[in-house]
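Comments concern the structure below.
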Amino acid sequence: MPDVRDQNPVNNEAILDVRTIEPQRRHDTVRRLIDRLPEDASLQLISDHSPQPIRGYFEMVHGDQAQWHDLEQGPTVWRVRLTRTAL
């Protein structure tokens, strides 16, 4: 399992730098973390390419509870915050 660090326990956000994961395992790893993301928690992803394909999966799984925030949009680093809110 990749190194997922909790940067800010006050707002319950984990950080995953997917650049440290083998490319062929990245999407499966992120999907597993999304599937386990509790309500009122966030996952910040750091990537070397646009993580837009993950957005559709996140919104499909969590529907109205899915919030996507672009924090940094390239050209060498992309950062997004995925938040799952309570209904």
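Residues: numbered from 1 along the sequence shown.
- Taking all atoms of both residues into account, the shortest heavy-atom contact from Ser42 to Thr83 is OG-OG1, 2.9 Å.
- Under the salt bridge (charged side-chain N to carboxylate O under 4.0 Å, His left out) criterion, Asp48 pairs with Arg26, sequence neighbours left out.
- Closest non-hydrogen pair, Glu72 versus Val77, comes out as CG-O, 3.7 Å.
- Distance check, rounded to the nearest 0.5 Å: CG of Leu45 to CZ of Arg19 gives 11.5 Å.
- Of the inter-residue distances, the one linking Ile21 atom CD1 with Thr29 atom OG1 reads 4.5 Å to the nearest 0.5 angstrom.
- Formation of a donor-acceptor pair under 3.5 Å by the Gln65 side chain with backbone atoms of Thr85 is found in this model.
- Classified by interplanar angle (parallel below 30°, tilted 30° to 60°, perpendicular above 60°), the ring pair Phe58/Trp68 is tilted.
- Taking every heavy atom of both residues into account, Trp78 and Pro51 meet most closely at CB-CD, 3.8 Å.
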*How far apart are the C-alpha atoms of Gln52 and Asp70, what are their side-chain angles, what is the distance that settles it, and do they pass the side chain to side chain contact (heavy atoms under 4.5 Å, CB included) test?*
CA-CA 10 Å; Gln52 284 298 320; Asp70 291 309; 4.1 Å; yes
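- To the nearest 0.5 angstrom, Ser47 atom OG is 12.5 Å from Arg79 atom CZ.
- Residues Arg84 and Pro38 approach most closely at CB-O, 3.8 Å, considering heavy atoms.
- Applying the salt bridge (charged side-chain N to carboxylate O under 4.0 Å, His left out) criterion to Asp64, with sequence neighbours excluded, gives no partner residue.
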*Tell me, with the steps shown, if Arg81 and Leu43 meet side chain to side chain contact (heavy atoms under 4.5 Å, CB included).*
CA-CA 6 Å; Arg81 176 174 291 123; Leu43 174 63; over 6 Å; no
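- A distance of 8.0 Å separates CD1 in Ile46 from CG in Leu16, rounded to the nearest 0.5 Å.
- Leu71 and Leu37 end up in different hydrophobic clusters when Ile, Leu, Val, Met, Phe, Trp and Tyr side chains are linked at under 4.5 Å.
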*May I have the step-by-step check of side chain to side chain contact (heavy atoms under 4.5 Å, CB included) for Val80 and Leu82, ending in yes or no?*
CA-CA 6 Å; Val80 297; Leu82 295 79; 3.6 Å; yes
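- Across Ile34 and His62, no two heavy atoms sit closer than the pair O-NE2, 3.0 Å.
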